[in-house]
Amino acid sequence: MRILFLAWRDLAHPNAGGSEVVIDRLIRELQERGHEATLMCGGPIEERPYPVIQNGSTYSQYITAPFRYARQFRDVDVVVDVANGVPYLTPLWRRGPSVCILFHVHGNQWQRYFPKPVARVFASLEQRGIPAIYKDVPLVTISDSGAHELEILGVSPRNIHVLNLGVDLEDLETIPGKSQDPLFISVGRLALNKRIDLLLDMWAEVGPQIGGRLLIIGDGPERERLAARVRDEPALRGAEILGRVSAERKAELMHEAWLLVHSAEREGWGLVILEAARCSTPSIGFRVKGVKDAIIHGKTGLLAKDEAGFTQAWLSLASDTDRRHQLAAAAELRSQDFTWQRTIDTFVEAVEAAGTKTVHDPLADGPSKGIARSAHLFSLFRKETQEPDRFYHYLAADTIRSIERHADVRGSLTLDVGGGPGYVAEALRHAGADCIVVDYSAEELALHGRSATGAVQGDAQALPFKTGSARVIHCSNVLEHVPNWHALLEEIVRVLEPRAGIGYLSFTPWLSPWGGHETSPWHYLGGERAAKRFERRNGKPPKNKFGESLHRVKAADVIAWFNSRPDIEVFDVRPRYLPNWLGWVARIPGVREVLAWNLVIVFRRRAVEKTQNTGEI
């Protein structure tokens with residue numbers, strides 16, 4: 001694959017940190033696997049084993065990136081958008097596959113670096129823009145905490161890939177032993193969010209009691225100020241700002257240190273913690289996002305809630321050699337699980353997921369959101385009898401987009417209940433699913449001159465599948481055509497896989513403008529009367545015979561059924577053909593019966609059926 005990385009900085013930047021180290025390693029590992037990878041970033045840059053293209057300065061690069069991409073990189077297979085605070089918004093200007101790497105959510109950190117108005121803009125972009133703009137893009141983060149933060153922002157769990165970073169250090173000819181005197185190290189970029197001032201405050205209390213040295217390794221905008229503080233404050237005796245050191249020297253110090261002390265207010269992961277662990281050095285950190293993923297409290301190190309707890313943990317471990325050795329052994333053992341081979345495998349999975357998001361189907365072309373989507377749907381619907389392929393291909397693509405917001409269908413068994421000639425099944429297979437069509441009528445399976453592949457003729461009210469066997473079940477406009485819709489829903493829930501199984505149900509309420517189907521809108525005068533009128537005018541009875549193959553279904557009754565089931569969790573209820581901002585229509589009794597036209601309910605089968613429903617629709 002040809003992969004373009006868009007990132008804030010190159011390793012040559014004086015403020016380069018962990019993010020740049022990770023991107024450099026990802027690119028080099030991808031190259032070793034035969035992929036072509038290029039880095040495009042703000043200056044300064046240096047020569048690397050891979051192409052590095054300078055793209056403006058710190059902030060101008062966000063404006064120039066789309067133009068430089070259009071001139072030089074339009075033909076790449078995947079663009080990796082490294083959102084180091086501010087994303088490049090690639091989905092707005094690239095139609096092909098892309099992946100977003102977000103090391104962690106910055107939250108209130110924006111206020112530390114920017115004036116309040118600017119901080120609010122960036123915070124809003126992170127909290128609202130990323131979930132909306134990247135909703136169909138795989139998002140890569142580097143810890144379970146980061147994944148949880150993305151879920152809170154509204155990112156679908158199916159789109160989140162957790163990249164457990166590999167650990168390796170410079171090979172040393174001779175591995176040094178632990179220092180005879182107390183030696184503590186802090187490794188990281190010298191920036192406000194690392195809270196080195198707080199670490200020095202705690203050292204002012206710890207140092208006089210235990211002696212020894214605190215070595216602070218790293219560079220950054222705070223270096224000169226911190227160095228002056230260490231030099232001028234007598235209470236900080238034993239502390240030293242080393243600045244940036246060679247990879248070999250860092251490895252030596254990690255082996256010699258008694259503890260790594262990590263004072264950051266949050267991290268994406270805390271790679272230095274695992275690097276220290278590889279050197280049999282346990283860590284102390286705060287119980288914050290990222291750090292609490294890297295340290296297993298009481299096993300590979302200690303986590304503190306506040307400054308007093310951190311200080312106490314530091315004093316305790318410094319004076320307990322046996323305890324330090326126990327933690328060190330467990331930390332080193334755990335660090336062996338984190339390899340770059342595993343990291344790259346996960347990253348390639350995310351890249352491949354981006355590449356399989358869309359399979360081009362000219363008949364499915366059209367707007368995917370807003371009023372334009374609704375207008376296109378209704379326009380195609382009006383021509384459905386003349387051009388069924390255009391309508392059903394587009395509707396199928398629209399349906400898959402909706403399903404993929406809630407479930408990753410790749411490699412999973414999916415059922416298209418009442419799927420007829422298999423338009424949705426075909427789209428599901430293009431998305432990577434193993435899909436089976438189930439329909440009662442052989443005529444429906446061969447509708448529009450098609451022949452549904454992978455089809456089973458069967459009754460939707462008694463599905464011929466094992467309990468809990470299907471990851472996704474799609475059932476569109478079947479509910480109003482069966483005499484016992486309760487039995488149909490019971491069967492769908494039965495066959496859905498617990499916890500992970502997603503159901504996608506759509507149906508036409510009787511009082512909808514299309515409630516009588518081809519007899520509409522005369523069904524408002526009664527189903528029998530509408531059917532007779534149709535036969536008089538067309539010389540044949542309607543295909544959907546009222547009372548036989550078409551029944552009255554009320555949205556209120558269906559919603560009440562879902563609310564009565566503690567074994568079901570409902571994710572979404574909305575009008576299928578209307579824009580998302582008209583979703584409120586589905587929440588108003590009476591109104592939804594008429595204006596919804598076609599109602600969608602997306603739900604999940606719970607793992608434990610005794611769990612109480614968390615809320616009504």
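Throughout, numbering of the chain's residues begins at 1 and tracks the sequence. Here the structure is a predicted model, which means the values were calculated and not measured.
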Worksheet item: Could you go step by step and tell me if E426 and R429 meet the salt bridge (charged side-chain N to carboxylate O under 4.0 Å, His left out) rule?
Response: CA-CA 5 Å; E426 183 179 293; R429 292 186 191 111; over 6 Å; no

Worksheet item: Are side-chain heavy atoms of L511 and K554 found at a separation under 4.5 Å?
Response: no

Worksheet entry | R471 bridged to E497 by N-O distance under 4.0 Å | yes

Discussion item. Looking at H523, is its backbone amide N or carbonyl O close enough to the side chain of R529 to form a donor-acceptor pair, meaning the two atoms are under 3.5 Å apart?
Written reply: no

Item to complete: Could you grab the distance from atom CG of L428 to atom CD1 of I403, nearest 0.5 Å is fine?
Response: 5.5 Å

Practice prompt. Measure the spacing between CD1 of I492 and CD1 of I473 and express it to the nearest 0.5 Å.
Written response: 6.0 Å

Worksheet entry | N/O donor-acceptor pair under 3.5 Å between N538 side chain and K540 backbone | no

Discussion item. Testing the basics here: between R592 and A596, what is the closest heavy-atom pair and its distance to 0.1 Å?
Written reply: O-CB, 3.0 Å

Worksheet item: Mind checking whether Y62 and W8 have side chains closer than 4.5 Å, heavy atoms only?
Response: yes

Worksheet, complete the sentence: Scanning both residues in full, the closest heavy-atom pair of G468 with P498 reads CA-CD, 4.0 Å

Fill in: Intermediate values then yes/no, ring-ring contact (aromatic ring centres under 6.0 Å, His included), F381 and W514
CA-CA 11 Å; F381 178 75; W514 191 245; 5.2 Å; yes

Worksheet item: Has E443 got more than 12 heavy atoms of other residues, nucleotides or ligands less than 6.0 Å from its CD?
Response: no

Response to the item:
Heavy atoms of S98 and V78 approach each other most closely as CA-CG1, 4.2 Å

Worksheet item: Any side-chain heavy-atom pair from L413 and I436 closer than 4.5 angstrom?
Response: yes

Worksheet item: Where does the angle between the aromatic ring planes of F546 and W510 fall among parallel (under 30°), tilted (30 to 60°) and perpendicular (over 60°)?
Response: tilted

Worksheet item: Between T141 and L163, is any pair of side-chain heavy atoms under 4.5 Å apart?
Response: no

Discussion item. Do T508 and N598 pair up side chain to side chain, a donor and an acceptor below 3.5 Å, judged on atom types alone?
Written reply: yes

Fill in: Nearest-0.5 Å distance, SG of residue C100 to CD1 of residue I130
6.0 Å

Worksheet entry | Parallel, tilted or perpendicular: rings of F378 and Y577 (30°, 60°) | perpendicular

Worksheet item: Would you call E528-R533 a salt bridge at under 4.0 Å N-O?
Response: no

Worksheet item: Are side-chain heavy atoms of W561 and W485 found at a separation under 4.5 Å?
Response: yes

Fill in: Over all atoms of both residues, closest heavy-atom pair of S476 and S506
OG-OG, 2.9 Å

Worksheet entry | Pair F5-I23, side-chain contact (heavy atoms from CB on, under 4.5 Å): steps then yes or no | CA-CA 8 Å; F5 282 77; I23 297 304; 4.0 Å; yes

Worksheet item: Has the side chain of D77 got a donor or acceptor atom that lies under 3.5 Å from a matching backbone atom of R2?
Response: yes

Item to complete: Answer yes or no: is there an ion pair linking E444 with K543, defined by an N-O contact shorter than 4.0 Å?
Response: yes

Worksheet item: For Y440, does the OH atom have more than 12 heavy-atom neighbours from other residues, nucleotides or ligands under 6.0 Å away?
Response: no

Practice prompt. Spell out, as yes or no, whether a donor-acceptor pair under 3.5 Å connects the side chain of S469 to the backbone of K466.
Written response: yes

Discussion item. Determine whether a donor-acceptor pair (N or O, by modelled atom type, separation under 3.5 Å) exists between the side chain of T519 and the backbone of G516.
Written reply: yes

Discussion item. With side-chain contact (heavy atoms from CB on, under 4.5 Å) as the criterion, how do Q461 and H486 come out once you've worked through the C-alpha distance, each side chain's angles and the decisive distance to 0.1 Å?
Written reply: CA-CA 9 Å; Q461 299 165 104; H486 300 82; over 6 Å; no

Worksheet item: Crowded around H148 NE2? As in, over 12 foreign heavy atoms under 6.0 Å?
Response: no

Practice prompt. Given side chain to side chain donor-acceptor pair (under 3.5 Å), test S402 with R576 step by step and report yes or no.
Written response: CA-CA 10 Å; S402 180; R576 186 177 191 179; over 6 Å; no

Discussion item. Taking T90's backbone N and O only, do any of them form a donor-acceptor pair with Y69's side chain (distance below 3.5 Å, no angle check)?
Written reply: no

Fill in: Heavy-atom pair with the smallest gap, counting every atom of S549 and H481
O-ND1, 2.7 Å

Practice prompt. Check the pair L92 / I133 against side-chain contact (heavy atoms from CB on, under 4.5 Å), numbers first and verdict last.
Written response: CA-CA 7 Å; L92 298 182; I133 295 169; 4.0 Å; yes

Worksheet item: Going by the angle between their ring planes, with limits at 30° and 60°, are Y423 and H393 parallel, tilted or perpendicular?
Response: perpendicular

Practice prompt. Consider only side-chain N and O atoms of D416 and H474, and report whether a donor and an acceptor are under 3.5 Å apart.
Written response: yes

Fill in: Within 6.0 angstrom of R537 CZ, more than 12 heavy atoms from elsewhere
no

Fill in: Salt-bridge present (K532, E535; N to O < 4.0 Å)
no

Item to complete: Spell out, as yes or no, whether a donor-acceptor pair under 3.5 Å connects the side chain of R373 to the backbone of P367.
Response: no

Worksheet item: Say you draw a straight line from OG of S19 to CZ of F103; how long is it, rounded to the nearest 0.5 Å?
Response: 3.5 Å

Practice prompt. Before accepting this row, confirm whether a basic side-chain N of the pair R401/D398 lies closer than 4.0 Å to the acidic partner's carboxylate O.
Written response: yes

Discussion item. Ring centroids only, cut at 6.0 angstrom: are F571 and F603 within range, meaning strictly under it?
Written reply: no

Item to complete: Check L26 against T343 and note the closest heavy-atom contact, atom names and distance.
Response: CD2-CG2, 4.2 Å

Practice prompt. Run the numbers on R266 and E149 for salt bridge (charged side-chain N to carboxylate O under 4.0 Å, His left out), then give the verdict.
Written response: CA-CA 12 Å; R266 67 166 61 200; E149 285 186 309; 2.8 Å; yes

Practice prompt. Run the salt-bridge test on R606 and D567 with the 4.0 Å N-O cut-off and return the result as yes or no.
Written response: no

Worksheet entry | Separation between CG of L139 and CG of D81, rounded to the nearest 0.5 Å | 9.0 Å

Discussion item. Whether the side chain of S512 engages the backbone of W597 through a donor-acceptor N/O pair (distance < 3.5 Å, no angle test) should be reported.
Written reply: yes

Worksheet, complete the sentence: d(L6 CG, R94 CZ) to nearest 0.5 Å is 9.5 Å

Practice prompt. Would you check if there is a donor-acceptor pair between the side chains of D439 and Q457 at a distance under 3.5 Å?
Written response: no

Discussion item. Just so I know, are the side chains of R405 and V602 near enough to count as touching, which here means a heavy-atom distance under 4.5 Å?
Written reply: no

Discussion item. Any non-hydrogen side-chain atom of L599 less than 4.5 Å from a side-chain atom of I559?
Written reply: yes

Worksheet item: With a 4.5 Å heavy-atom cut-off, do Y134 and P91 have their side chains touching?
Response: yes

Worksheet entry | Check: E480 side chain, L550 main-chain N or O, donor-acceptor pair, under 3.5 Å | no

Worksheet item: Any donor-acceptor pair under 3.5 Å linking the side chain of R382 with the backbone of L377?
Response: no

Item to complete: Decide side-chain contact (heavy atoms from CB on, under 4.5 Å) for I101 and F347; before the verdict, give the C-alpha distance in whole Å, the side-chain angles of both, and the deciding distance to 0.1 Å.
Response: CA-CA 10 Å; I101 297 180; F347 184 73; 3.8 Å; yes

